[in-house]
Amino acid sequence: ESYVIFFCAFDPCGQDRRLYQFHYYEDDDRQLRLPTNSHVILINALGTKGQITPALAAVLDVMNRRRDNQNPLAISLVKEIDGYNRDKKRRRALMNLKMRLKDEWNLGLSEGLDQGRAEGKAEGRDETMLSLIHTLQIQGQTQKQIVETLALMQKSSLAEAQRYYDQLTEAASGGEH
């Protein structure tokens, strides 16, 4: 048999149970189970419903930072964690990792903001140009005259202005012509 066990510091299923067990079932007939001999178990450190062994309760106490559990497993886990946290080499490696992750996060944030600004400017430009097109249409200008005006404003060729005009008017009409 095989077991996949997840220790979660949150309730993954939202039912306040300490333990969730999953097996492979047939969708229409829940009585029909695939005989894989595999089990997926989610352990919820915050759960209050259901029975668990004292050893598992000790592990969950440690996960929840309750250090007063006198269970030998809990005492052993706390000692391991404390030893790990006191190891200067590991602490330095962890600090370096945190700094790299923070740098990567900041870089991603910066790139995301830049992309968002660019998209916002493009959307604003498109909305302004579309308003201009509608205004010029109301004033009785032909499509050719409007495209010439767009080319002058954007300092682009007539072909580019025509493509932009087509793109804007198609998007404004919902893709219908």
Side-chain angles (χ1 to χ4, degrees), residues 2-34 36 38-49 63-65 84-85 89-177:
S2 64
Y3 291 85
V4 177
I5 302 173
F6 294 95
F7 285 86
C8 303
F10 59 92
D11 189 346
C13 300
Q15 295 184 5
D16 195 33
R17 291 171 39 195
R18 292 179 174 160
L19 197 68
Y20 299 96
Q21 294 187 56
F22 296 92
H23 302 91
Y24 295 100
Y25 293 96
E26 203 281 325
D27 288 344
D28 293 326
D29 183 358
R30 301 285 296 162
Q31 299 301 316
L32 184 58
R33 192 166 124 188
L34 198 60
T36 62
S38 63
H39 311 271
V40 177
I41 300 171
L42 307 178
I43 297 173
N44 172 18
L46 302 176
T48 60
K49 296 178 182 172
M63 286 181 66
N64 289 318
R65 297 179 185 202
Y84 184 89
N85 289 336
K89 204 181 263 187
R90 287 180 177 164
R91 284 180 46 199
R92 189 175 306 112
L94 183 58
M95 286 174 35
N96 287 338
L97 175 62
K98 284 182 179 181
M99 291 303 295
R100 282 197 310 263
L101 290 173
K102 184 178 179 184
D103 290 345
E104 289 293 325
W105 185 85
N106 286 335
L107 177 63
L109 178 63
S110 175
E111 289 174 356
L113 289 173
D114 290 345
Q115 182 180 352
R117 283 187 200 102
E119 289 174 6
K121 285 179 184 178
E123 287 176 16
R125 183 189 70 234
D126 290 350
E127 289 174 8
T128 301
M129 291 299 184
L130 193 55
S131 293
L132 175 66
I133 289 170
H134 290 304
T135 301
L136 294 175
Q137 286 172 336
I138 290 170
Q139 292 176 349
Q141 288 196 17
T142 65
Q143 179 180 335
K144 181 181 178 195
Q145 291 170 320
I146 295 171
V147 170
E148 289 171 352
T149 302
L150 289 175
L152 286 172
M153 290 181 70
Q154 295 181 315
K155 299 177 182 154
S156 65
S157 69
L158 286 174
E160 289 173 355
Q162 181 65 55
R163 279 193 297 273
Y164 187 58
Y165 174 89
D166 293 341
Q167 176 188 349
L168 286 176
T169 56
E170 183 177 327
S173 67
E176 299 172 11
H177 275 285

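The first residue of the sequence shown is numbered 1, and numbering continues consecutively from there. Keep in mind that the numbers below use all heavy atoms, side chains included, and drop hydrogens, waters and symmetry copies.
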Which atom of Y25 lies closest to which atom of R30, heavy atoms considered: CD2-O, 3.0 Å
Criterion side-chain contact (heavy atoms from CB on, under 4.5 Å) on D103 and L107, from CA distance to verdict: CA-CA 6 Å; D103 290 345; L107 177 63; over 6 Å; no
Cationic N near anionic O, under 4.0 Å, D166 to R163: no
Atom of L150, atom of L132 and distance for their closest heavy-atom approach: CD2-CD2, 4.4 Å
Reported CG-to-CG distance for the pair D126 and L168, which is rounded to 0.5 angstrom: 5.0 Å
Residue pair F6 / L42: nearest heavy atoms and the distance that separates them: CD1-CD2, 3.4 Å
Gap separating the CZ atom of R18 from the CD1 atom of I43, nearest 0.5 angstrom: 12.0 Å
Atom pair CD/CD1 of Q162 and I146 - distance to nearest 0.5 Å: 10.0 Å
4.5 Å side-chain heavy-atom contact, S38 and V4: no
Distance, nearest 0.5 Å, that separates CG of L94 from NZ of K89: 15.5 Å
Non-hydrogen atoms of V147 and L158 that approach each other most closely: CG1-O, 3.7 Å
Rounded distance (nearest 0.5 Å) linking atom CD1 of I133 with atom OG1 of T128: 11.0 Å
R91, CZ: over 12 other non-hydrogen atoms inside 6.0 angstrom: no
4.5 Å side-chain heavy-atom contact, E148 and K144: yes
Under 3.5 Å donor-acceptor, N64 side chain and A45 backbone: yes
Non-hydrogen atoms of L19 and Q21 that approach each other most closely: CD2-NE2, 3.9 Å
Residues which pass ring-ring contact (aromatic ring centres under 6.0 Å, His included) with Y3, listed by chain and number, not counting sequence neighbours: H39
Test item: S110 side-chain N/O and N106 main-chain N/O as donor-acceptor pair under 3.5 Å: no
pair L136-Q145: side-chain heavy atoms closer than 4.5 Å: no
Pair Q115, E111: side-chain N/O donor-acceptor within cut-off below 3.5 Å: no
Distance-minimising heavy-atom pair for L46 and F10: CD1-CA, 3.9 Å
Mutual orientation of the aromatic rings belonging to F22 and Y20 [parallel < 30°, tilted 30-60°, perpendicular > 60°]: parallel
Atom pair CE/OH of M153 and Y164 - distance to nearest 0.5 Å: 9.5 Å
